[in-house]
Number of protein chains: 2
Amino acid sequence: MKRKADQAVDPGVTVVTARSRAPAGSTERKRLTPDERERLIAKEAVSFFAKHGFEGQTRELAKQIGITQPLLYRYFPNKEALIERVYQEVFVGRWNPLWEEWIEDRSRPLQDRLATFYKDYARTILSYEWVRLFMFSGLKGLDFNARYLGLLRDRVFVRVARELRHAYGQPTLDELPMTETEAETIWGLHAAIYYVGVRRWIYGLPVPDDLDGLITGKIAAFLGGVSAVVGKGELHRGISNN
Amino acid sequence: MKRKADQAVDPGVTVVTARSRAPAGSTERKRLTPDERERLIAKEAVSFFAKHGFEGQTRELAKQIGITQPLLYRYFPNKEALIERVYQEVFVGRWNPLWEEWIEDRSRPLQDRLATFYKDYARTILSYEWVRLFMFSGLKGLDFNARYLGLLRDRVFVRVARELRHAYGQPTLDELPMTETEAETIWGLHAAIYYVGVRRWIYGLPVPDDLDGLITGKIAAFLGGVSAVVGKGELHRGISNN
DNA sequence: ATGTTAATTTATCGTTTGATCACTATTTGG
DNA sequence: CCAAATAGTGATCAAACGATAAATTAACAT
């Protein structure tokens with residue numbers, strides 16, 4: 001879940017810096033170091049814009065942080081820069097480079113690798129902040145989402161396709177580039193998982209508790225479908241209608 | 001696609017009402033009947049809010065329509081009422097009651113019924129306006145989306161589940177209520193289709209041309225998966241591992 | 001303690017935005 | 001052809017909003 005020692009500062013309760021003496025559970029909250037303050041603002045901006053969208057007002061954000069609105073402008077030149085920081089924080093900062101390694105670790109069965117990857121990836125992207133910020137960003141109309149998903153395609157989809165080809169003894173991606181059908185199949189798996197987050201955090205609907213179980217099931221169905229189409233079934237119990 | 005004689009008025013070119021004489025291809029656009037004007041505003045509001053979100057400004061909307069901003073307030077008491085009208089127009093007005101009948105028409109094979117329904121339903125909900133307005137609405141935080149999806153559940157999901165039970169000789173929904181697994185499976189099909197619209201209209205990504213083909217494929221995979229789990233396969237070529 | 005540095009606040013500016021009202025001008029009935 | 005009815009506009013208000021600058025006050029070094 002947490003990747004770096006990035007949890008920084010806990011707001012709300014009195015912040016005890018290296019320099020300040022603790023003034024006993026008071027509500028004072030003044031004079032953090034620039035570094036602490038900036039991280040605190042960034043952290044609160046993530047939660048704030050995830051809730052209210054990027055048109056949320058800086059005054060309200062400041063109130064949530066417990067500071068005055070002009071202070072925001074000491075740490076960020078304008079609102080747009082603050083939003084840019086939110087993008088970095090969530091979409092760049094929460095990417096785990098290990099994901100790519102997990103998928104192509106052929107010492108493990110493919111189904112296990114996919115399950116491991118998707119469970120962990122889902123824990124990251126199926127959060128209130130990730131789901132909503134990504135959607136707000138998409139609706140805003142910039143090309144950010146397209147760029148992110150291009151990266152997802154290059155780093156994840158291509159690897160999954162490659163491993164599927166390998167597992168089922170198909171031509172390599174060099175010999176035959178990923179087909180639209182393959183891409184759509186992988187999109188389908190991705191959609192099924194991501195949509196759980198949309199239902200939960202955007203539509204406000206209840207979703208199954210056992211997310212890991214759901215993912216395991218989706219992956220099994222995914223591989224079952226692939227194996228049925230490919231006409232081989234080494235991975236699962238055989239279907240072989242060929 | 002079009003359900004009623006609801007296309008109303010074509011803006012842009014001079015509107016020729018029953019009463020007005022055509023002033024030759026001029027750019028005049030004044031004095032519609034209240035009925036025409038209201039419908040025109042509603043129609044433009046749909047496209048405007050779908051593009052800019054509900055925080056889009058009334059002045060900009062007025063400019064798109066080619067009227068002054070105060071005129072909006074002659075036909076709608078405030079912005080919120082205009083937005084409410086947009087909801088009615090798109091989410092209520094575009095619902096086709098026949099959908100429910102198609103699903104439960106047992107004179108046809110289930111796969112055909114599902115394909116017919118989902119192709120037509122997809123044509124409705126996979127539009128720029130529907131996809132984006134639904135997402136804007138969800139992010140806004142009202143319970144509208146939850147209510148709509150509750151309706152979708154009652155009118156569609158329940159019927160699909162009932163027909164599946166019937167097709168595979170399972171207990172009726174009265175005997176055994178829809179299980180979470182069944183609901184999730186249907187959600188999965190729904191998600192796979194709807195997400196194509198999200199990719200297209202929110203992320204701005206290219207999607208396959210052949211939507212009907214994609215839907216047919218998803219339904220085949222859906223039924224294949226169901227039949228595999230249920231352990232029967234009258235519908236498809238048999239798998240029967242039981 | 002005391003002065004210096006700078007983190008934070010108070011006050012405020014210029015726009016934007018939803019909404020209102022008085023006025024204009026087009027249509028229609030007699 | 002004229003006058004009542006009303007669709008539509010111009011002017012403007014009050015609150016909201018991003019941003020700036022001057023005043024304040026907390027922290028640290030001496």
Side-chain angles (χ1 to χ4, degrees), chain A residues 9 11 14-24 26-42 44-45 48-49 52-86 140, chain B residues 8-9 11 14-23 26-42 44-45 48-49 52-86 140:
Chain A
V9 158
T14 306
V15 176
V16 182
T17 75
R19 318 181 294 188
S20 66
R21 68 274 175 271
S26 73
T27 324
E28 292 177 29
R29 63 190 110 193
K30 283 196 193 172
R31 232 178 160 79
L32 301 197
T33 65
D35 205 56
E36 287 168 333
R37 181 61 79 194
E38 185 190 307
R39 278 209 290 267
L40 179 59
I41 291 175
E44 294 293 318
F48 179 81
F49 288 121
H52 299 97
F54 298 120
E55 323 216 10
Q57 304 140 12
T58 55
R59 274 166 234 265
E60 233 184 294
L61 166 59
K63 187 186 290 182
Q64 172 175 315
I65 305 178
I67 59 177
T68 57
Q69 180 244 9
L71 190 56
L72 297 173
Y73 290 87
R74 187 175 183 88
Y75 294 93
F76 296 90
N78 50 44
K79 191 181 176 182
E80 197 48 44
L82 190 50
I83 291 173
E84 196 58 44
R85 171 62 175 270
V86 167
K140 206 171 147 189
Chain B
V9 158
T14 306
V15 175
V16 181
T17 75
R19 319 178 291 187
S20 66
R21 69 271 176 271
S26 72
T27 324
E28 294 176 26
R29 61 190 110 194
K30 283 197 190 172
R31 230 176 162 81
L32 301 197
T33 65
D35 206 55
E36 287 169 333
R37 181 61 79 194
E38 184 189 309
R39 277 209 291 268
L40 178 59
I41 291 176
E44 294 293 316
F48 178 81
F49 287 123
H52 299 98
F54 298 120
E55 322 216 9
Q57 304 139 12
T58 55
R59 274 164 234 266
E60 235 184 292
L61 166 59
K63 186 185 291 179
Q64 172 175 316
I65 304 177
I67 60 177
T68 56
Q69 181 244 9
L71 190 56
L72 297 172
Y73 290 86
R74 189 176 182 87
Y75 294 92
F76 296 90
N78 50 45
K79 190 180 175 183
E80 198 47 44
L82 190 51
I83 291 173
E84 196 57 45
R85 172 63 174 270
V86 167
K140 205 171 147 191

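Order of the sequence lines sets the chain letters (A, B, ...), proteins ahead of strands, with each chain counted from 1.
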Whole angstrom value for the distance that separates C1' of C/dA6 from CD1 of A/I67: 16 Å

Search all heavy atoms of B/F49 against all heavy atoms of B/F54 and return the closest pair with its distance. CD2-CA, 3.8 Å

Rounded to whole angstrom units, what separation is found between the NZ atom of B/K63 and the C1' atom of D/dG8? 18 Å

Using atom CG of A/L72 as one end and atom C1' of D/dT20 as the other, report the distance to the nearest whole Å. 14 Å

Ranking A/E60 and A/P77 by the position along DNA chain D of their nearest nucleotide, the one closer to 5' is A/E60

Are OP1 or OP2 of C/dA7 and a side-chain N or O of A/R37 less than 4.0 angstrom apart? no

Working to the nearest 0.5 Å, report the span between CG of B/L61 and CD1 of B/I41. 7.5 Å

About how many Å separate CG of B/L72 and NZ of B/K79, when rounded to the nearest 0.5 Å? 10.5 Å

Whole-Å distance separating the CG atom of A/L82 from the P atom of D/dA19: 10 Å

Just to confirm, is there a sub-4.0 Å distance from OP1 or OP2 of D/dA27 to any side-chain nitrogen or oxygen of A/R31? no

side-chain contact (heavy atoms from CB on, under 4.5 Å) partners for B/Q64, two or more places apart: B/E44, B/S47, B/F48

Every protein N/O lying under 3.5 Å from an N/O of nucleotides 10-13 of chain C:
none

Just the rounded figure in Å: distance from C1' of D/dA7 to CD of B/E38. 14 Å

Can you measure B/E36 atom CD to C/dT27 atom P for me and round it to whole angstrom units? 12 Å

Interatomic distance, A/R39 atom CZ to A/T33 atom OG1 [nearest 0.5 angstrom]: 7.5 Å

In this structure, how many angstroms lie between the P atom of D/dT20 and the NZ atom of A/K79, rounded? 15 Å

Rounding to an integer number of Å, can you tell me how far B/L71 CG sits from C/dA19 C1'? 14 Å

Quick test of your reading: applying side chain to side chain donor-acceptor pair (under 3.5 Å), list the pairs with at least one residue in residues 67-77 of chain B, sequence neighbours left out, ordered by first then second residue. B/T58-B/Q69

Return the minimal non-hydrogen interatomic distance between A/R37 and A/R31, and the atom names on each side. NH2-N, 4.1 Å

Any side-chain N or O of B/Y75 less than 4.0 Å from the OP1 or OP2 oxygen of D/dG8? yes

